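Remember, it's a predicted structure, so these values are computed and weren't measured experimentally. Values reported hereafter were calculated over all heavy atoms of this structure, with side chains retained and with hydrogens, waters and symmetry mates removed.
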Amino acid sequence: MAVSDFPKVVEIESVTDAGDFGSASCPHCGAPCRYITYFYTEDGGYHGAARVCFSLFPKSKYAARVETILLKERSAKRLGRKMASWDREVIAAIR
């Protein structure tokens, strides 16, 4: 399937951290990875992909916003902080 044929991402369900790099495999291409994003596409499909593969999928503006918030949440967890309440409200409103 050519990149231009990839379905548009409409909702991001979650981003998982497998620990060390290479401790997981990309569900999309099989490459070693650490972070896997699970998402729904406009054709009703449910997919998983590592960060690089996920970046190839076109995204709705709402899915792009959720991606940004989830990345902020991951950074906050790494620093021992909580996710901002307004970011949780944005995700809840989008879903």
Side-chain angles (χ1 to χ4, degrees):
M1 174 183 289
V3 171
S4 61
D5 295 335
F6 285 4
K8 184 184 281 188
V9 176
V10 293
E11 183 180 351
I12 298 172
E13 180 188 61
S14 63
V15 178
T16 61
D17 182 350
D20 296 326
F21 178 80
S23 56
S25 296
C26 174
H28 183 254
C29 73
C33 65
R34 177 177 176 174
Y35 299 104
I36 301 174
T37 303
Y38 294 96
F39 56 96
Y40 294 95
T41 54
E42 65 187 352
D43 62 359
Y46 178 73
H47 307 277
R51 189 170 193 166
V52 173
C53 288
F54 181 66
S55 70
L56 300 174
F57 284 81
K59 296 165 192 69
S60 72
K61 66 180 181 177
Y62 299 112
R65 179 71 176 126
V66 170
E67 178 185 21
T68 301
I69 293 170
L70 290 175
L71 291 173
K72 283 173 48 178
E73 177 186 28
R74 186 172 69 210
S75 293
K77 282 182 182 177
R78 203 172 323 133
L79 297 171
R81 299 179 181 161
K82 293 183 180 180
M83 187 165 110
S85 61
W86 57 83
D87 283 338
R88 283 192 299 265
E89 290 172 10
V90 168
I91 288 177
I94 289 172
R95 288 188 174 154

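Sparse packing is recorded around CZ of R51, with 12 or fewer heavy atoms of other residues, nucleotides or ligands lying under 6.0 Å away.
Scanning both residues, A24 and A18, for their nearest heavy atoms gives CB-CB, 3.5 Å. Minimum heavy-atom separation, C26 to A50: SG-N, 3.3 Å. In terms of heavy-atom proximity, G48 sits nearest to P27 at O-CB, 3.5 Å. Smallest separation of non-hydrogen atoms from H28 and A49: CB-CB, 3.9 Å. In terms of heavy-atom proximity, V9 sits nearest to A63 at O-CB, 3.6 Å. Between P32 and F21 the shortest heavy-atom distance is O-CZ, 3.4 Å.
Ring pair H47/F57 is tilted by interplanar angle, where 30° to 60° counts as tilted.
Hydrophobic clustering of Ile, Leu, Val, Met, Phe, Trp and Tyr side chains at less than 4.5 Å, counting indirect connections, unites I69 with F39. Transitive grouping of hydrophobic side chains (ILVMFWY, heavy atoms separated by less than 4.5 Å) brings Y38 and Y40 into a common cluster. Y62 and M83 fall within the same hydrophobic cluster, defined by Ile, Leu, Val, Met, Phe, Trp and Tyr side-chain heavy atoms under 4.5 Å apart, directly or through other members. In the hydrophobic clustering of this structure, L56 groups with L70; members are Ile, Leu, Val, Met, Phe, Trp, Tyr whose side-chain heavy atoms approach within less than 4.5 Å, directly or through other members.
Not a single donor-acceptor pair under 3.5 Å links the side chain of R34 to the backbone N or O of D20. In terms of modelled atom types and a separation under 3.5 Å, the side chain of K59 and the main chain of R65 share no donor-acceptor contact.
Sorted by first and then second residue, the pairs that involve residues 71-85 and meet side-chain hydrogen bond (donor to acceptor under 3.5 Å, both in side chains), not counting sequence neighbours, are K72-D87.
Just one residue in the list V15, I36, T37 forms a side-chain contact (heavy atoms from CB on, under 4.5 Å) with F54, and that residue is T37.
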